[in-house]
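Quick notes on the structure that follows.
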Amino acid sequence: MTKPLPTRYDHKHVESGKYDFWMKHDLFSAKSPEKPPFCIVIPPPNVTGKLHLGHAWDTALQDIIARFKRMQGFDMLWLAGMDHAGIATQAKVEARLKEEGISKYDLGREGFLEQAWAWKHTYADFIRKQWATLGLSLDYSRERFTLDDGLSDAVKKVFVDLYHQGLIYQGERIINWDPQAQTALSNIEVIHKEVEGGMYHFRFKVVDSDEILVVATTRPETMFGDVCVFVHPLDERYKHLHGKMVINPASKKMMPILTDSYIDQSFGSGAMKCTPAHDPNDFSLAQTHHLEKVLCMHPDGTMNELAGQYEGLDRFECRTQLVKQLQEEDLVERIEKHIHQVGHSERTDVIVEPYLSKQWFVKMKPLAQKVLEKQHHNGMNFVPERFEKTFVQWLENIEDWCISRQLWWGHRIPAYKHKVTEEIVVSLTPPQNMDDYIQDEDVLDTWFSSALWPFSTLGWPDESSQDLKRFFPNSVLVTGYDIIFFWVARMAFMSEHFMNELPFKDVLIHGLVRDASGRKMSKSLGNGVDPMDVVEKYGADALRFFLTTSSSPGQDLRYMEEKVEASWNFINKLWNASRFVLMNLPEGFKSDESHLKDASELDLWLLTKLDATITQVSDAMEAYDFGLAGSTLVNFTWNDFCSWSIELAKVPLSGHDDHVKLVTLNTLVYTLKAILKMLHPFMPFVSEEIYGQLSDELSISVSSYPTPSQSMKKVDVTRVDRLTSLISALRELRLSQNIKKANELIISLIDESGHSYKLSELEADILVKMVNARSGDINPEGALTLPILSASVIVSMHEHMDMSEQITKLETLKAQLEKEIARSKAMLSNESFLAKAQPSKVEAERAKASEYQRQYETILAQLDAILKR
RNA sequence: GGACGCUUAGCUCAGUGGGAGAGCAUCUGCUUGACGUGCAGAGGGUCAGGGGUUCAAAUCCCUUAGCGUCCACCA
């Protein structure tokens, strides 16, 4: 049944064709209503470009969960989908057009959107190809795109409903304006960066007086939009100036001096200029004082006619020239270096301008409040827990959400303005007499549609959708901590408002991928790693195993090629262990678990450890602790299975008892299959390849996850532990004493009660094979006695033995044991310990103490004997 | 100004109340019939500093220091 595997694991060969095979047999679409449902919707990647390592990590984690749950017998829906990523995609498309010398205005709205859709199709194909390369078990039969018809209907309905419920409104406010993209941004699309700027102190001349009022600003160019100067009403320094006028040094216009207790007397000179159209604080002051709000800039960040000679100049160039001019006019008191946080656009990285503009907003307080109440009582289970705090604190301090964007690529706002009366109509369909109306030109923030993702993808607003009934709320969301605000919080309030439920049972949060020295991967640093390159070199399985087992939940991950290589090495190890097992299977072998009832002590030793491993791994998987699951599997596979069981099995396998051989092989095959199944969620390709050689099932991905064997008898496998301990001790002796394997060692054994301990025939054969040692009668005097686990071994003297070397070894061991015995004795003679500690702990400590004591005495006697010689 | 995370072997990281762990790196030995991308061994750490709780602290609490991240409208 088996073709021999090549000695080297070839990831390219193993991975090729597997995904097509899975697709051909439609193994990943949810289609079993009789099974319990489990649902994950993929965080939809942006159609802006290819996937990076962060996506590979995020999706590999989801794939692990999906494959694990599928094997556990759930009707697993892992829904595929992508995000139109409004501003990001539009910027990319515009940039590409620009290379051809075309502006979006040349094409017009319709023509531009055609280009954007073409872009979307190109990158969607690219992304699907990458998903396939990574081996993701996605359900493509339900794939969605945030701009497709169904999701657009959902978006419209949500907008219209929220509007009529008074939760969406249009208002004139200070928003974050991106002068390059020429659109409004929400608060969280603004990245605050520390920038060294200036604090400019200007002299404002008081009209009809010789007095000068010094006023500071970090943005001198906005002085063209100033309407007054504020001082604190109780500020003694300025009481005599109340009601007077000053000259704006930039515009030379007269402005009043007004008072408001908002002003901090201790800050700067205690006088503050007010620019209502360019600063949120100034705006709210202007509201209470009914001041005019004048813009001094165009939407592209150049100065407007208010700036006089600087009209048309970029805001920062205007700053430079204006300051120079004022210095010449001796209107500058001083300029200080000033380090402060300046907002930058997340997408274009230009400095954001606080800018007065009419936009659409979502009223957040009532929506957030509902989520907070639900979260408090019966909320989503964040893993790790601490991220719940991030989530809650953001919702507690929430501001209204600016959702309109001055873009073309996105969901156009379903609001229609009457051309004459300016009456606004918000509805799912255009007004009947549409010729009299104009639809709002703006589109919605891309996160508005993403916020509906957990239910819009399942068919909402069609309440009769079977998927919606079965799969909402989703079982788990997997995402990075960087988008808790952008996405998780918004999905929460949309779901709570429209579905009356929070969208997820569990929220699994992971960190960010960093480079080897801990820096964020970014284009500007040029330190990004393309996951496809890694797959080319090491295979998707190795990459996935590295990504998902190299950090603990919620922590960041450094990309280190050596670690991917280590994962590859582990797979190669697994490959070769499988190769050994397969090579030993006789023609026509069919694995049959009923043979395990005749399992030998060696077999039971392995099966016992396998059961413990299955329990530990399953628990870790349920807790989303994939690092722990992975390391448990590596340890078991590499140490217990490969280094011990396979090596030990070589003896019975080379013997002449066919039944013993059959039982041994069945043990190995049974264990290997369990290992492959447990590894399958991590490394789907190689596990599928090897499993195919051991089983007639269609695919390991639809096999059932291992469970601990219920029928296995509890057996004492101490003899095997003693045997491995003996082998290790003799190996160490050979190395330290430089005794070649060709030189046979003669040994005899004494158990812990001092009686002679007889090896079984199999054990004796194993000793010969593995360490070339044979039992024989030895006079302990003149021989070497060493402690091993719950026994001692006496080794006959050998011509190569160097006693001074041996004494050093024994002294070291003696010192270690003395330390342990002292610790143990201290504990056991402590009344409080005996009284308060758990009885099992006390018992365990006693057992340790007596074993240490026994070994210690063996060593003492041995040292004594050597010194007497 | 708030919140969170990190500090453990040369490097990267696990561990989280009762004997300090892994991978890589280092050193020694090995043509063992699955694997030299391997096998068998070894060395290497006052678990950031200080205080507290406890019979018992790398682990829980407080505190200090350093590094990092996020949030925040101070001219």
Side-chain angles (χ1 to χ4, degrees), chain A residues 4-5 7-9 174 187-188 192 199-201 215-219 229-230 262-264 267-275 279-284 340-341 343 354 384 386-387 389-390 393-394 397 399 481-482 484-485 511-512 514 516 518 520 549-552 554-558 560 562-563 565-584 627-628 631 634-635 642-643 646-647 650 654 727-728 731-736 738 740-741 769-772 816 819-820 823-824 826-827 830-838 841-842 844-845 848 852:
Chain A
L5 300 176
T7 63
R8 185 192 151 97
Y9 158 61
I174 300 285
N187 293 343
I188 52 178
H192 292 275
M199 178 67 84
Y200 302 85
H201 298 258
V215 179
T217 178
T218 53
R219 296 188 293 154
V229 168
F230 275 105
Y262 165 80
I263 304 304
D264 180 354
F267 192 93
S269 63
M272 184 193 93
K273 73 187 199 64
C274 179
T275 323
D279 184 281
N281 297 314
D282 296 10
F283 176 84
S284 49
H340 57 155
Q341 299 284 329
R386 64 186 142 92
F387 290 108
K389 205 169 175 181
T390 312
Q393 287 182 349
W394 190 68
N397 299 298
E399 303 276 332
Y481 60 68
D482 52 327
I484 291 176
F485 307 135
L512 304 176
R514 301 175 171 278
K520 252 186 185 172
T549 63
S550 300
S551 76
S552 53
Q555 293 302 122
D556 287 350
L557 170 69
R558 292 194 193 196
M560 303 221 287
E562 311 90 273
K563 286 202 185 181
E565 203 179 330
S567 296
W568 189 97
N569 289 347
F570 170 61
I571 300 173
N572 190 52
K573 184 76 185 175
L574 173 71
W575 182 265
N576 275 290
S578 307
R579 184 166 171 267
F580 171 83
V581 173
L582 288 164
M583 276 171 42
N584 276 282
L628 180 59
S631 58
V634 170
N635 286 337
C642 294
S643 294
I646 286 185
E647 292 306 323
K650 283 175 181 174
S654 64
I727 291 168
S728 294
R731 279 170 172 167
E732 198 185 334
L733 181 70
R734 280 192 179 280
L735 257 174
S736 68
N738 195 22
K740 295 259 186 291
K741 180 131 179 231
K769 175 165 168 41
M770 293 183 76
V771 281
N772 193 17
Q816 282 169 4
K819 209 177 107 195
E820 290 305 326
R823 187 190 56 79
S824 233
M827 278 174 86
N830 182 332
E831 296 291 332
S832 304
F833 173 71
L834 297 174
K836 294 182 184 175
Q838 295 166 28
K841 304 263 184 194
V842 178
E845 204 54 46
K848 277 192 253 174
Y852 292 144

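Each chain gets a letter, A, B and so on, in the order the sequences are listed, and its residues count up from 1.
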Contacts under 3.5 Å, N or O only, protein and nucleotides 4-9 of chain B:
from  : atom 1 : to        : atom 2 : distance (Å)
C4(B) : OP1    : Lys389(A) : NZ     : 2.4

Between the protein and nucleotides 73-75 of chain B, list the N/O to N/O atom pairs that are separated by less than 3.5 angstrom.
from   : atom 1 : to        : atom 2 : distance (Å)
C73(B) : O2'    : Asn281(A) : ND2    : 3.3
C73(B) : O2     : Asn281(A) : OD1    : 2.4
C73(B) : O2     : Asn281(A) : ND2    : 2.8
A75(B) : O2'    : Ala216(A) : O      : 2.4
A75(B) : N6     : Asp264(A) : O      : 2.3
A75(B) : N6     : Phe267(A) : O      : 3.3
A75(B) : N1     : Asp264(A) : N      : 3.4

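- Taking atom P on both U46(B) and C6(B), the two are 22 Å apart, rounded to the nearest angstrom.
- C62(B) and G45(B): their C1' atoms are spaced 26 Å apart (whole Å).
- His201(A) meets the side-chain contact (heavy atoms from CB on, under 4.5 Å) test with Met199(A), Val214(A), Ala216(A), Glu333(A), Arg334(A), Glu336(A); sequence neighbours excluded.
- The P atoms of C35(B) and G44(B) are separated by 34 Å, rounded to the nearest whole Å.
- Between the side chains of Asp556(A) and Tyr481(A), at least one donor-acceptor pair of N or O atoms lies under 3.5 Å.
- Using Watson-Crick or G-U wobble geometry with both donor-acceptor distances under 3.5 Å, A3(B) finds its partner in U69(B).
- Qualifying ring pair (Phe, Tyr, Trp, His ring centres under 6.0 Å) partners for Phe485(A), counting only residues two or more places apart in sequence or in other chains: Trp394(A).
- Scored by the salt bridge (Lys or Arg N to Asp or Glu O under 4.0 Å) test, Lys650(A) finds Glu647(A) as partners (sequence neighbours excluded).
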How does protein reach along nucleotides 40-47 of chain B, written 5' to 3' as B (base within reach of a heavy atom under 4.0 Å), S (only sugar-phosphate), or - (no contact)? BSS-----
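- Not one side-chain nitrogen or oxygen of Asn738(A) sits closer than 4.0 Å to the OP1 or OP2 atom of G29(B).
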